Amino acid sequence: MSETVVTRFAPSPTGFLHIGGARTALFNWLFAKSLGGKMLLRIEDTDRARSTEAAIAAILDGLTWLGLDWDGEPVFQFARAARHREAVEQMLADGRAYRCYATAQELEEMRAAAQAEGRPPRYDGRWRDRPASEAPADRPPAIRLRAPTEGETVVEDLVQGRVVIPNKDLDDLVLLRSDGTPTYMLAVVVDDHDMGVTHVIRGVDHLTNAARQTQIYAALGWPVPKMAHIPLIHGPDGAKLSKRHGALGAEAYREMGFLPEALRNYLARLGWSHGDDEIFSTAQAIEWFDIADVGRSAARFDMAKLSNLNGHYMRATPDDELLAAFRASLPYLPGGPEAAARLEATGRWSAFEGALPGLKERAKTLVELLDGARFLTDARPLAIEPAAAALLTPEARALLASLHGRLTTLEPWSATGAEEIVRTLAEEAGVKLGALAQPLRAALTGRKTSPGIFDVLVALGKEESLARIADQATGA
RNA sequence: GCUCCCAUCGUCUAGCGGUCUAGGACGUCGCCCUCUCACGGCGAAAACAGGGGUUCGAGUCCCCUUGGGAGCGCCA
């Protein structure tokens with residue numbers, strides 16, 4: 001009755017962990033966690049030519065970064081080939097499978113003929129009932145499933161509902177290749193069964209496979225696990241996800257400066273919802289997750305929303321935690337290692353820490369955070385951006401000269417103290433605060449936008465601040 | 001071509017026959033806050049693909065059309 005739920009994530013190691021796969025893993029994980037079950041990991045490496053060690057490492061790394069853990073050791077499918085063959089022997093003995101000696105060329109002709117006649121391309125069953133005596137001795141056979149030709153195969157899907165596929169549209173799929181290696185279709189069934197998988201959650205692109213696999217389960221006399229085929233993720237243009245927008249590996253999101261918890265939150269909302277809740281912790285997601293609340297239509301990947309969510313998470317993360325996350329991801333950010341070196345060399349990590357509250361308010365990603373902090377490590381004389389240079393008019397430079405003089409006397413060096421001096425000077429000079437603050441910002445940061453200018457003054461420290469002001473002040 | 005799936009604002013979605021003059025979020029556009037940019041606050045524009053049914057009543061159920069998507073390998 002209350003059997004323990006077991007799900008699995010089964011990527012094939014032919015590339016990185018792309019975003020669709022990441023969400024599939026997340027749903028499996030959320031589902032298992034919400035029901036106190038387990039999520040297993042299986043590496044589908046039966047395609048020896050395309051599977052690589054690097055891809056396996058990238059997938060494990062991606063899952064780990066995203067915070068999705070799995071129970072037990074990963075199962076490597078290829079290592080289980082003997083067991084897969086064993087299952088086929090059983091089907092052969094039971095008459096549920098047969099040897100097929102059709103050549104690749106024959107199959108090709110079959111497909112071409114079918115296409116020419118407007119029929120769906122499928123195997124014509126030419127060896128289905130041929131006696132063993134007719135078997136050619138010069139080539140090894142492939143083993144095919146003796147699939148039902150009439151009736152229909154039904155998949156009771158937790159997301160898609162009842163899906164009915166006419167058996168006439170499903171041909172006798174290959175179980176064992178002529179070289180004796182198992183096919184994916186067979187391996188999945190045997191492995192899911194042996195691993196005790198109770199719920200198969202994967203992309204809808206496997207929906208038709210679910211019907212074929214159901215036939216294999218039937219031939220083996222095994223119970224079919226519960227199925228849930230979740231919709232795919234599309235690109236912003238509605239087409240299949242491509243490199244251009246979102247079909248990137250998890251590590252690409254790390255490089256773009258996203259926080260794993262933000263990505264998890266975003267991915268969870270793609271296809272699944274809990275009322276109007278948009279922002280929620282992983283703990284809440286686990287508590288709320290219900291496969292019945294997964295929708296059936298494909299979702300488009302929206303970078304803008306991900307960014308917004310990430311910005312929210314950055315602002316909500318306590319400074320010390322964010323600092324730790326930032327330091328940890330620095331090696332992966334563009335220009336990150338160099339920035340880390342500069343921060344180290346100039347001893348400005350503490351300045352960075354001081355500026356963090358103001359910085360994180362203005363950044364949607366860690367990359368933006370890094371960029372916003374650039375003024376901290378830039379060496380004098382500062383390179384002034386064109387837009388900022390326009391602020392440094394002769395009048396402004398003169399004002400900065402006066403400011404420099406007054407700031408010299410400020411002790412202790414504080415934001416409130418500096419603010420008072422700046423405001424007083426602006427008032428005495430008969431200009432609005434902005435007329436002084438903006439040139440000051442340009443002098444201090446080389447830009448026209450930055451955190452609050454008094455906070456910048458503090459983050460930079462008295463000596464550096466005065467030096468930068470002097471660099472831009474007239475006659476100073 | 002065949003089979004299957006999908007269809008609410010630009011996007012993600014709430015909605016599970018009446019409480020929908022359709023709600024939230026992102027994005028967009030105003031206004032406020034303000035030393036800049038953000039943040040925050042307030043407000044606006046913005047959707048039930050079309051057509052038939054069923055029903056006292058349909059965004060919600062059924063059918064068709066249209067438009068998307070996926071699958072049709074001795075790949076996974």
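All figures in this text were calculated on a predicted structure; none of them were measured in a lab. Lettering of chains follows the sequences in order, A, B, ..., and the numbering in each one begins at 1.
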Can you tell me the pairing partner of [N] across any strand shown, Watson-Crick or G-U wobble, with both distances under 3.5 angstrom?
{"N": "A22(B)", "answer": "none"}
{"N": "C72(B)", "answer": "G1(B)"}
{"N": "A45(B)", "answer": "none"}
{"N": "U55(B)", "answer": "none"}

Counting any heavy atom closer than 4.0 Å, what does [X] reach on the DNA or RNA strands: base, sugar-phosphate only, or nothing?
{"X": "Ala142(A)", "result": "base"}
{"X": "Arg441(A)", "result": "base"}
{"X": "Ser297(A)", "result": "sugar-phosphate"}

I want to know whether Phe352(A) and Phe326(A) have ring centres closer than 6.0 Å.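 Yes, the ring of Phe352(A) comes within the 6.0 Å limit of the ring of Phe326(A), centre to centre.
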Aromatic contact between Tyr98(A) and Trp127(A), with the criterion being ring centroids under 6.0 Å apart: yes or no?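 Centroid distance Tyr98(A)-Trp127(A): not below 6.0 Å, so no.
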Quick one: on RNA chain B, does Glu419(A) or Gln160(A) contact a more 5' nucleotide (nearest heavy atom)?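 The residue whose closest nucleotide sits nearer the 5' end is Gln160(A).
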Could you tell me whether Arg85(A) and Glu89(A) make a salt bridge, using a distance below 4.0 angstrom between a side-chain N and a carboxylate O?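 Looking at Glu89(A) together with Arg85(A), the answer is no, because their closest N to O distance does not fall below 4.0 Å.
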With rounding to whole Å, what would you report as the distance between C64(B) and U28(B) at their P atoms?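 Roughly 41 Å separates the two P atoms.
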base_contact_polar (C74(B) base, Ser178(A) side chain, donor-acceptor, <3.5 Å):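 Yes, the side chain and the base share a sub-3.5 Å donor-acceptor pair.
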Between the base of A25(B) and the side chain of Lys305(A), is there a donor-acceptor distance below 3.5 Å? yes
Atom-pair distance (CG on Asn209(A); P on A70(B)), nearest Å: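 That distance rounds to 14 Å.
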Return yes if a side-chain donor-acceptor contact under 3.5 Å exists between Gln215(A) and Arg212(A), otherwise no.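 Checked: Gln215(A)/Arg212(A) side chains show no N/O donor-acceptor pair below 3.5 Å.
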